[in-house]
Amino acid sequence: QVQLVESGGGLVQAGESLRLSCVASGGIFRNYAMGWFRHAPGQDRDFVAGITGNGRDTYYSDSVKGRFTISRDAAKTTVNLQMNSLQPEDTAVYYCAAGMNVFEVSKASRVRSWGQGTQVTVSS
């Protein structure tokens, strides 16, 4: 089972950017599709972005498409989430996720491994 550790959260103002990183260990990185989810108070843990094991295909929720970019670095066994034009509604705890394919990392109930989460707060 792969272990995931996120970093990079913080407090920013609307319109600014943040970059989240997630380091994976304990598994063969290329075998895992990776994803990011977010959990705001009173809401479900929602899919944000996903990337295939080979990094060739990426997927985004409609709410972040065009503003967020997911990428992965095989040499560093890291998956990143570049978040631009942040808005107050992006405020949430962001979680890194791993699964055997993009289907598994597109829905919280199918995810195999979770990171501990990192808080992102966007002020207006």
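From a predicted model like this one, the values you see are computed outputs, not experimental measurements.
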* **Residues which pass side chain to side chain contact (heavy atoms under 4.5 Å, CB included) with Asn54, listed by chain and number, not counting sequence neighbours** => Thr52, Arg56

* Where do Leu81 and Thr69 land on the side chain to side chain contact (heavy atoms under 4.5 Å, CB included) test, with the steps shown first? -> CA-CA 6 Å; Leu81 185 68; Thr69 302; over 6 Å; no

* Structure fact -> side chain to side chain contact (heavy atoms under 4.5 Å, CB included) filter on Ala74, not counting sequence neighbours, yields none

* Candidate list Val122, Thr121, Val120, test side-chain contact (heavy atoms from CB on, under 4.5 Å), partner Leu11, passing option -> Thr121

Check: residues 27-36 side-chain donor-acceptor pairs under 3.5 Å, at least two apart:
none

* Please report the shortest heavy-atom distance between Ser124 and Ala14, naming the atom on each side. => CA-CB, 4.4 Å

* Smallest separation among heavy atoms of Ser85 and Ser17, with atom names -> N-OG, 4.3 Å

* Asked: If you take all heavy atoms of Phe47 and Ser106, which pair is closest and at what distance?
  -> CB-O, 3.5 Å

* pair Val93-Thr118: side-chain heavy atoms closer than 4.5 Å -> no

* Taking all atoms of both residues into account, what is the closest heavy-atom pair of Glu6 and Tyr94, and its distance? -> OE2-O, 3.9 Å

* Asked: Is the charged tip of Arg38 near the ring of Tyr95: under 6.0 Å from the six-membered ring centre and within 45° of its axis?
  -> no

* Structure fact -> Tested for side-chain contact (heavy atoms from CB on, under 4.5 Å) against Phe68, the lone hit among Leu86, Asn84, Thr58 is Leu86

* Asked: With Glu16, which residues qualify under side chain to side chain contact (heavy atoms under 4.5 Å, CB included), at least two apart?
  -> Val12, Gln13

Side-chain polar contacts of residues 18-25 - donor-acceptor pairs under 3.5 angstrom, sequence neighbours left out - could you list them?
from  : atom 1 : to    : atom 2 : distance (Å)
Arg19 : NH1    : Gln82 : OE1    : 3.4
Ser21 : OG     : Asn80 : OD1    : 2.8

* Distance-only side-chain donor-acceptor flag, Thr78 / Asp73, under 3.5 Å -> no

* Provide the full list of salt bridge (Lys or Arg N to Asp or Glu O under 4.0 Å) pairs with a residue in residues 104-124, sequence neighbours left out, each pair given once. => Glu104-Arg112

* Asked: Can you tell me if Arg72 uses its side chain to pair, donor with acceptor, with the backbone of Gly55 under 3.5 Å?
  -> no

* Reference residue Tyr59; test side-chain contact (heavy atoms from CB on, under 4.5 Å); the match among Val48, Val105, Ile51, Val102 -> Val102

* Nearest heavy atoms of Ala49 and Tyr60, plus distance in Å -> CB-CD2, 3.7 Å

* Asked: When rounded to the nearest 0.5 angstrom, what distance separates OG in Ser7 from CD in Gln116?
  -> 8.5 Å

* Heavy-atom closest contact (Leu4 atom, Ser113 atom, distance) -> CD1-O, 3.5 Å

